Amino acid sequence: QVQLVESGGGLVQPGGSLRLSCAASGIIFSDAAMAWYRQAPGKERELVAAITSGGTTNYADSVKGRFTISRDNAKSTVYLQMNSLKPEDTAVYYCNVRGRWSGNYWGQGTQVTVSS
């Protein structure tokens, strides 16, 4: 069974930073493309950032230059470093597998709230 556990969310002021972590199990992590998504109340889930098994990254235009996705295969963990946070970044953030090995592995996510 595949399990993805997000952590690191919280309340932060505008301009602040957070680092999210996603610990994966039940997959060969080094072979899997990974991604971060977010969903705000009343809105559809959107792709925030993605990273291939080879380390190639892609970002939504709204977060380019502010967010960085990375992975540590030895720890089977993918990270999302979020800097210069804005109120519109407020959402529940989820990780998941992408591409060839994708599936319905959604967990509970981690809440990020950006407010003064």
Side-chain angles (χ1 to χ4, degrees):
Q1 61 278 69
V2 177
Q3 187 170 356
L4 303 169
V5 181
E6 301 94 342
S7 63
L11 176 64
V12 65
Q13 294 184 339
S17 298
L18 286 172
R19 189 167 86 148
L20 307 184
S21 298
C22 172
S25 61
I27 60 171
I28 303 176
F29 184 81
S30 60
D31 290 344
M34 301 295 297
W36 285 96
Y37 301 80
R38 66 187 181 188
Q39 187 168 27
K43 298 182 179 179
E44 293 188 348
R45 183 177 60 233
E46 66 170 330
L47 178 67
V48 175
I51 185 167
T52 69
S53 61
T56 301
T57 59
N58 285 284
Y59 299 91
D61 288 342
S62 59
V63 307
K64 285 181 179 177
R66 300 188 297 120
F67 290 11
T68 302
I69 188 171
S70 62
R71 64 192 298 154
D72 185 340
N73 288 346
K75 296 181 178 180
S76 295
T77 299
V78 61
Y79 303 96
L80 186 67
Q81 178 67 47
M82 306 187 297
N83 299 325
S84 302
L85 283 162
K86 304 174 181 179
E88 52 263 44
D89 295 318
T90 296
V92 178
Y93 284 71
Y94 303 88
C95 67
N96 211 335
V97 184
R98 290 202 76 206
R100 182 174 298 178
W101 307 109
S102 64
N104 187 26
Y105 308 133
W106 303 104
Q108 292 184 304
T110 186
Q111 175 72 49
V112 173
T113 302
V114 184
S115 177
S116 60

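Computed from a predicted structure; not experimentally measured. Residue numbers count from 1 along this sequence.
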Exercise: identify the closest heavy-atom pair between [X] and [Y]:
| X | Y | value |
| --- | --- | --- |
| Phe29 | Met34 | CE1-CG, 3.9 Å |
| Val48 | Tyr93 | CG2-CE2, 4.4 Å |
| Lys43 | Gln39 | O-NE2, 3.1 Å |
| Trp36 | Leu80 | NE1-CB, 3.5 Å |

Does [Y] offer a backbone N or O that forms a donor-acceptor pair with the side chain of [X] under 3.5 Å?
| X | Y | value |
| --- | --- | --- |
| Arg98 | Ala33 | no |
| Tyr59 | Gly65 | no |
| Thr57 | Ile51 | no |

**Asked** If you round to the nearest 0.5 Å, how far is OG of Ser76 from CG of Leu4?
**Response** 10.5 Å
**Request:** Could you grab the distance from atom CG of Asp89 to atom OG1 of Thr113, nearest 0.5 Å is fine?
**Result:**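 That separation rounds to 11.0 Å.
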**Request:** Find out if a path of hydrophobic residues (ILVMFWY) with successive side-chain heavy-atom gaps under 4.5 Å connects Leu85 to Tyr79.
**Result:** no
**Request:** Among Ile, Leu, Val, Met, Phe, Trp and Tyr joined by side-chain contacts under 4.5 Å, find the other residues sharing a cluster with Tyr37 and list them by chain and number.
**Result:**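 Joined to Tyr37, directly or through intermediates: Leu47, Val92, Tyr94, Trp106.
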**Asked** With a 4.5 Å limit on heavy-atom distance, are the side chains of Val112 and Arg38 in contact?
**Response**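 Counting from C-beta outward, Val112 and Arg38 never come under 4.5 Å.
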Less than 3.5 Å apart, which donor and acceptor atoms pair up between the side chains of residues 5-27 and the rest of the protein, not counting sequence neighbours?
{"residue": "Glu6", "atom": "OE1", "partner": "Gly109", "partner atom": "N", "Å": "3.2"}
{"residue": "Glu6", "atom": "OE2", "partner": "Cys95", "partner atom": "N", "Å": "3.0"}
{"residue": "Ser17", "atom": "OG", "partner": "Asn83", "partner atom": "OD1", "Å": "2.9"}

**Pairing residues for Lys64 by the salt bridge (charged side-chain N to carboxylate O under 4.0 Å, His left out) criterion, not counting sequence neighbours** =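 Here the qualifying residues are Asp61.
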**Prompt:** Is the CD atom of Glu88 crowded by more than 12 outside heavy atoms at less than 6.0 Å?
**Reply:** yes
